[in-house]
Structure formats: structure tokens, C-alpha cells
Amino acid sequence: MSETRQKGLARQQMADRVALEFQDGWIVNLGVGIPTMCSNTDIGDRDITYHSENGVIGYGGVAAAGEEDLNLVNAGGQNVTLKPGAAVVHHADSFGIIRGGHIDVTVMGAYQVSMGGDFANWKLAGQKGGGIGGAMDLAACAKRVFIILEHVTRKGEPRLVEACDLPVTARGVVKLVATNYGLFEPTGSGFLLREIAPGLTVEEIRASTAGTLTVAPDLRPVRLAG
Amino acid sequence: MSETRQKGLARQQMADRVALEFQDGWIVNLGVGIPTMCSNTDIGDRDITYHSENGVIGYGGVAAAGEEDLNLVNAGGQNVTLKPGAAVVHHADSFGIIRGGHIDVTVMGAYQVSMGGDFANWKLAGQKGGGIGGAMDLAACAKRVFIILEHVTRKGEPRLVEACDLPVTARGVVKLVATNYGLFEPTGSGFLLREIAPGLTVEEIRASTAGTLTVAPDLRPVRLAG
Amino acid sequence: MGQKSKQLASFRDAVADIPDGSTIAFGGFAMPGTPFNLIKALLDHGAKRLTLVANTTGGAQQPRMPDIGMLVENGQVAKVIWAFTAATRPTDVLPFTKYYESGEVDAELVPQGTLAERLRAAGAGIPAFYTPTAVGTELAAGRETRVINGREYLLEYALPLDYAFIRAHRADAAGNLRFHRSQRNFNPVMATAARCTIAEVDEPILPAGAIDADDVHTAGIFVHRLVQVPPAPEGLWPTKRQERAR
Amino acid sequence: MGQKSKQLASFRDAVADIPDGSTIAFGGFAMPGTPFNLIKALLDHGAKRLTLVANTTGGAQQPRMPDIGMLVENGQVAKVIWAFTAATRPTDVLPFTKYYESGEVDAELVPQGTLAERLRAAGAGIPAFYTPTAVGTELAAGRETRVINGREYLLEYALPLDYAFIRAHRADAAGNLRFHRSQRNFNPVMATAARCTIAEVDEPILPAGAIDADDVHTAGIFVHRLVQVPPAPEGLWPTKRQERAR
């Protein structure tokens, strides 16, 4: 993801907004990049279990320098810690947890999200091969899929699109999208803007969105604290 | 199985004969009844791992009275011990071991064995329901199936038959059959008598066998020690 | 995670909300790992039209621990899904048999490994799979098979559960479990397949984290309710194998 | 069991008999559980036309540990079966990429969970299964699907292995293994799928029985050869995550 200064929300703020959706008792899988930052957000005493594809159930924050366990990483390869009550399983069991519908939400990055809730995050146009990792399993099987992405590409092209022109990761699964411009829901026939980022206008957002944009009757500023 | 005095080999002797077939390094699953007795046989320093359906890999003899672990049983429900190097897995993994072809031999009892290597051991004629347990998995998936059974029923009817009239457990899988009359191989077109029990004649055996009986050119007495 | 304990005060509380018509699996293979105390609570609770998933019924041996055959005799059961619907020893007659023969209770007979795999599949999001087990037998009659690499396989479907009743040796408040020896058997597999897993536990429930992450047999995310088994005679414990009453 | 130790003296001995054309899986997810020492031995051994099964190649990061991308660069590889055939970060170019783009090496891209399940299926005697993963994507194009209970699923086949190269934390002479934390990952699954599993082990090999039966992660029946990893620098050990060279 770009480090370029973008309009609207900062990366951590996008993660913060999504993290506010996590409910007490949820099992959450965070993808590499901005989604990982959701675990930094203070959401009070809600009891969240973070699951990682490699079979770690209940990991905590990144380990302090000098205290890393080199045999303990999250899906992004960071040396993390364990929370009390953590457990480790092997890869087939870990994806049994995913495929079996035991993950309440997966948060992922994406190149594109469509009005129908498709998304694309594993292959660029013209690329031979791709990086699927666990994304297709998570996308097809988690109870909910939330996506965090910059609203436009570095070239200024919309990432919220009528239909994905990149190869999709899964179809019709995205429930919520956070961009630096605001919070959206794919509705099938468009994107519903529910919350708007500071400094943005609905017209600016509409101009940067390729699909149909509808605006929630109770549109409000992006919520950033519980 | 009947406790009545039968001709030929005693129950432990049938088990002894089969146990002599076990090769160094084999993983062996023993069914309830006479097959269990195979683990009593001294086969020298051959390294055998006994596997039980409930996930015990590497069990040893029956526990001495007063030293039973009430949470440790073999497939017959006997309180057994563990050998050094034993491991315990759950039922899906235990049958993964079976189905995956990791069992070198399963030894089972049966009501009938056919010339084609079918056998029947889970349901009697006219019975509603049956007792399959792990027998169908073991029969279909172990590398070898050996059967131990009394040569005739209590009524004197043959158990080695041209075709099973009882519902089969698996088809074409039996490699070796030990009865109190001798050691046999189903060949497809008959039973090959390889070893004969003391006190029996080929003619007596032929009269008690429903399928075609052929006699090995090197027919010899049943071997009972390594 | 693990901030709130999953421990309940009694077996009665643990089964109180189970509705009629539920599909419930029971761990255990012979004595080890059998949730005797939860079975007893379910007998008292009285839920009806249940489907019982288990290896077998128990019941041919005397004296009898509370077993799932008693749920049948108590009129609580519509159907069973078992690897044994008759005793291994044909001369033993199970208490279950007369209810089955009369048609009062329906039964589905499933090979033990297929039963374990169907439960594992339900927990792991696999809706169906192929197995060599039971091909060419009465159980495969009229069912879909498929030849793969020259061998014939039978199609089997996942078996999802409403509840799993299991027994473990040790638990922490987050629901992480350890089993002792062959107590493990079906228990971890059933736990993954159920919407609600209830575990009776031999030892006092430990604080979350008291079981090292590498030593957990069943992860707490699969376990919803824990009850500690009290000492005998109030609590039910495995006993030495009884000689069969012949 | 366990009378004879499975320990070998060197990594060279452990891989000496591997023939050209073998299908070999490599455990590991990021650093933990990656069999660096066995990879190095296979580079020295030189077996050709290999099929490599793994999560990913590694290789975009510097400095580099011996990784399976080096087997590609060394001309030993015909095909790879991976969950990543490109880096997660599109700006990273893997050393593997040019061999793939030139057609010198073939690749099969498999979702990570499907890869794990195909390996698990191979070990557990399941020739094929259905999964919801990848339905509706390019990976499912032209392939067999089936609707079960109203949902569409993709048919996937078992992936059997000739060899599994894995890394464990502790082993006994009978081959029983324990892994430390996320070192576990693919390793136990690959071990079940291979005709021959070779484990490199962090700690000195213990006598059979030194790991309690309830504490075993991978049963010794799945493990054929053990080699202890010597101290660095002779032996290769995970290091702190390197910053990417951009």
C-alpha cells in the first residue's frame, strides 16, 4: 500500500473504524497490511480472539524488541505474543476453523471491491501467477468479510467499481468497506455511504467511485472511538 | 466365539500362527476376540506397533490388576499399557491412519470368508442393524487383511465359502486365513491350504470347506514358533 | 480472549436450554471419554425427539452407567447415528434393540471411520468427501460412487451437530481442553462439529492460559460450556471394566 | 516400537537417496518450521525435475536463508505447487518469477487452505473432497463443481507426496515430534501425506518414550528420518525478521 499522503483518514484510522465493528466474543482474522492495525485499536473490554492462518489462535501484540520468540509469527510474519488462553493448531486444522465458519470476521486489503460484494486482491492485470495465500478460503468461509483499502489507486482510479476487472478472490461476500474516504456497504446495486471522512464531500466521493453511490439517510462523520 | 472344544488348533495357537507373519516395523491393528491374542505371541525382536481404533498408537499388554489406567483401553475395552514411544490421537486422525493406508495389517474375526477374499463379520442373517465399528474402514484400507475364525460353525457348517451369504464387510481383501484346521489363502478360484493343523487330514478339511480346496505342493504342519 | 470463564455451576444448567429435536453427539469409546454426567442430566432434563450421534449405545454390560441407550428407553430419542446398532457379540442383546425392531426409533449405521470423518468434515467446512470404506457392501447399495485413479469410492456427507457432549481431563476458563490417554477418541472431533459443545471435566477448571498453547488438544473456540465433575458418588467416573453378565 | 532409532548422522545422509522426479513438500510459514538445513542438503544433492509443494517460495527478502526458490534457480525444479506464485506485495519480484514467466518451471497455484486440506486428504485416505474455496474465481474455471444444500462447491483431489521435509522442536527416537508455537503450521500435515518424512530437529533426539503419549504432535509412525540441527553457524536457525531491501 502507498505511503503517499492521501486525503481523508490515515491508515490507522481506517483500521480503527473497522475494529469498532468487532463484537464481544468474536474470532477475528486480520490480513497483512492495514488490517493488522485493527488489533492496535482500543475497543474497551470486548473479548476478541485473533486467529492467524498458521494456526495461532489468540495472539496478542507484536513482541517487544529483544523478547521475540522466533518461532511465533502472525500471518504477516511479525513476531507476536500470545494472550492467556491461546492455542496452536496445525495448518489443516487452522483452515478447518476458517472453512468451517468459525471465524466471525476476516478483514483484508483489496485492489477492488464491486457493488455486488465481489473483491479482488490476489492478482494484478497481466501478472502470471499470483498471491492467493489464505485469502480465498477466508473470503469464501468467514461469517463476514470486511475490506480496508485506499479509495483510489496511485493513478487516481477508483477501487470501488461496478464490477471487478481484476480476477476476483470471492463473489458476493463483502459486507463492509472502509476507505480513507469513508465507510461503505456494497448493496448489490451500488455502494451505500454510511459514514464520511473529515475533509471529504459526497460529491468528491461520488466522482472517485466507479459504481453507483447512494448516501445513507443518517450519514454521519466516521466514528473513530467506541 | 465358542468355547466348545474344537478340533485342531486352540484359539491362542491360531493367533500365534498369524502373529508369525508380522514383519519388523509393521503397524498392526488387532480386532476384538482371538485377534487380540496375537500380541501375546513371542516373535522375537521384531518391532511391532499396535494401533487401536480409538487413537492409541503403540499400546502394550493388558495392565496388571490394580495398575489399570481407567482412561486407557484398546479396541476391545481392555485396560492396556503403553510401550515407550506411544502416541495418542483423536478418532478422525486415528481413522486417517487407517484410511490412509498406514496400517500394515489388520487381523479380524469373521463369520465367513469367500474364495474371492470377501468376508462377513458385522451382521447375522435376519438381524436388524449390525455391529460395524471400525471393521469396514480397516478392511477396505489396511495394506493386508488377515482373518482368524473357527473352521466351522457350532452347527458344523463351513465358514470358508464359495461366496458369502451374509452381508460382506469388504470385497476381495483377505490375504490370509487362519482357522483351527490350518492356514489358507483365498485365491479367487478357491482356498489354498498352505499349512495343516495337527490331527487333521486334507480330506476332513475339504469336507468342511464349502469352496474349492487346493493344497500347496509344499503343504506342511502349522508353524507355531518363529 | 479468555476474560470470561465458560464454567457453569451444574450439569443441569449446562443442558437446560436444549430444545426437543436437537442433534446431539456423545464422545466416548468404552468407558474413557464418555460424558456420563451430561447423559444423566439429559435424562433428567427430558428433551424429546433427539437424534443421537455416537460410536455405540452401551448397555449390554451390567451394572450400567448412565448411557445413551437409557435416553432411548426413556422415550427421548427419534433417531440414532451409530457405528454399532447391534452388539459386537451377537449373543448380547442391547436394550436398544427392541425399540429399533419395533420401529419406535430409527437408526443409521455408519462405519466408525466414516462417522469420525463426517464429523470432522462438518467442523472443517467440507460438505462431502469420497471414501473407500463400505464400497461393495450393503451400506453402499443405491448410493453414489465414483472411480478415482482406478478405485471405486463412496460419497459421504458432513454430519453437523447442534450439541456435542464430551468429557475431558483438564480445561482452562477459555475452554481449552486436554484429554488423558484414550479419553480423547471422538471428543475433539465432535467439539468442532457442534454449534454448542459442553464439556464435563475431571479436574478443577484452571485460569485461562494455565494450559500452554502447545499442549492444548481442543482449542477453546470450540468449547462453549464447562462443568467440573464432582467427586463420586455425586459425580460419575469410569470404573473398572465389568465382567459381562452372561 | 521405538527399539531402533530413526536418527541419522547428517543432512547429507538424510537426502542421499532422493531420486530425480520426486514430489517433495516443505513445511514452514515465514521463518518458523522451515527446514532450512534439509533445503541446503537438497541443493548440494542436486536431484532434478522435482515438484515442490509448499506455501510459498520465499526469496524476496535479503539476506536470504536457503529457500526453495534456490532449488528453482539451481535448475532442480520442474513444477511447483504453492499458495503464492507471486509476492504478496506486487512490487516485490521473486527470484522464481523469471523461471515461471520463461516457461522453464511450471506452477499450480492453490489456495492455502485447499493446499493444507489436499495434503491432509492424501494422508487420511480421502481421494477427493468438496470445498467452497475458489468457487466463482479464475481458479475454478472449467472445473467440476457441485451444489450441496444450495451452495456451490469445487471438487479437489488429494495431493500425495514422495517426501516431506519438515522442522520440529523436539523428537524421540521413535519419531514422535513436538513443534514450538507457529513452527507447527504445515509440518504435521505434510508428514502424514508423504511416503518418507524427514525431520530436522532443534533439540537433541530423546529416547523413545521421553515425550508423553498425550504430548505428541506428530506420531512417530509418520516420521522416517531424524537429524538434529547443529548449533549455528554450521546449522541454520531462524533469525529475526529482516527488513525488506527496497
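Reminder, nothing fancy here: chain letters follow the sequence lines and each chain counts from 1.
Between B:His91 and C:Phe29, the ring center distance clears the sub-6.0 Å criterion.
Counting heavy-atom neighbours within 6.0 Å of B:Glu162 CD, excluding the residue itself, gives a total of 12 or less.
Interface remark: B:Val89 contributes backbone atoms only to the contact with chain C (heavy atom separation under 4.5 Å). At a 4.5 Å heavy-atom cutoff, the contact between B:Val168 and chain C is made by backbone and side-chain atoms alike. In this structure, chain B has no heavy atom under 4.5 Å from any part of C:Thr218. If you measure heavy-atom distances from B:Ser52 to chain C, you find no contacts under 4.5 Å at all. C:Asp202 touches chain B through its side chain: at least one heavy atom from C-beta onward sits under 4.5 Å away, while N, CA, C and O do not. Contacts of C:Ala86 with chain B are made by both backbone and side-chain atoms, with heavy-atom separations under 4.5 Å. For chain C, no part of B:Ile98 is nearby; none of its heavy atoms comes within less than 4.5 Å. Within the 4.5 angstrom heavy-atom criterion, no atom of C:Arg167 approaches chain B. No part of B:Leu138 comes within reach of chain C, as not one of its non-hydrogen atoms sits under 4.5 angstrom from that chain. Neither the backbone nor the side chain of C:Leu119 has a heavy atom closer than 4.5 Å to any heavy atom of chain B.
When all heavy atoms of C:Gly136 and B:Arg171 are compared, the closest pair comes out as O-NE, 2.8 Å. The heavy-atom pair separating C:Gly113 from B:Arg99 by the smallest distance is O-NH2, 3.1 Å. The two atoms that bring B:His90 and C:Pro188 nearest to each other are CB-CG, 3.7 Å, heavy atoms only. Closest approach of C:Pro111 to B:Met136, counting heavy atoms only: CG-SD, 4.0 Å. When all heavy atoms of B:Ala140 and C:Thr133 are compared, the pair lying nearest together is CB-CA, 4.0 Å.
Contacts with chain B were tallied for C:Thr114, C:Val110, C:Leu109, C:Leu115; C:Leu109 has the most, counting heavy-atom pairs under 4.5 Å. Each of C:Ala134, C:Ala83, C:Ala116, C:Pro238 has some count of heavy-atom pairs under 4.5 Å with chain B, and the biggest count is that of C:Ala83. Contact count versus chain C (heavy atoms, under 4.5 Å) is highest, among B:Gly172, B:Gly131, B:Gly133, B:Gly134, for B:Gly133. Most heavy-atom pairs under 4.5 Å with chain B: of the set C:Asn55, C:Asn185, C:Asn187, C:Thr131, this distinction falls to C:Asn185. Taking chain C as the reference chain and counting heavy-atom pairs below 4.5 Å, the highest number among B:Ser94, B:Gly129, B:Ala120 is found for B:Gly129.
Atom-to-atom distance recorded for C:Leu139:CG and B:Thr169:OG1 is 9.5 Å, nearest 0.5 angstrom. To the nearest 0.5 Å, atoms CZ (C:Arg120) and CZ (B:Phe95) are separated by 15.5 Å. For the atom pair C:Lys240 NZ and B:Glu68 CD, the distance stands at 4.0 Å (nearest 0.5 Å).
With contacts defined as side-chain heavy-atom distances shorter than 4.5 Å, the pair C:Val189/B:Asp93 does not qualify.
A donor-acceptor distance shorter than 3.5 angstrom exists from the side chain of C:Ser182 to the backbone of B:Val73, with no hydrogens or angles considered. In this structure, the side chain of C:Arg184 does not engage the main chain of B:Gly55 through any donor-acceptor pair within 3.5 Å. No donor-acceptor pair under 3.5 Å is formed between the side chain of B:Asn71 and the backbone N or O of C:Gln183.
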Quiz item: Going through the checks in order, is the side-chain contact (heavy atoms from CB on, under 4.5 Å) test met by B:Tyr59 and C:Arg181?
Solution: CA-CA 11 Å; B:Tyr59 67 85; C:Arg181 303 302 188 229; over 6 Å; no
Self-check item: side-chain contact (heavy atoms from CB on, under 4.5 Å) evaluation trace for B:Leu70 with C:Met31
Solution: CA-CA 8 Å; B:Leu70 299 184; C:Met31 285 265 172; over 6 Å; no
Quiz item: Can C:His180 and B:Asp69 be said to form a side-chain contact (heavy atoms from CB on, under 4.5 Å), step by step?
Solution: CA-CA 10 Å; C:His180 179 70; B:Asp69 181 338; 2.6 Å; yes
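Within residues 96-107 of chain C, the residues having any heavy atom less than 4.5 Å from a heavy atom of chain B are, in residue-number order, C:Tyr100, C:Glu101.
A search for ring pair (Phe, Tyr, Trp, His ring centres under 6.0 Å) contacts involving B:His151 returns B:Tyr181, B:Phe184, not counting sequence neighbours.
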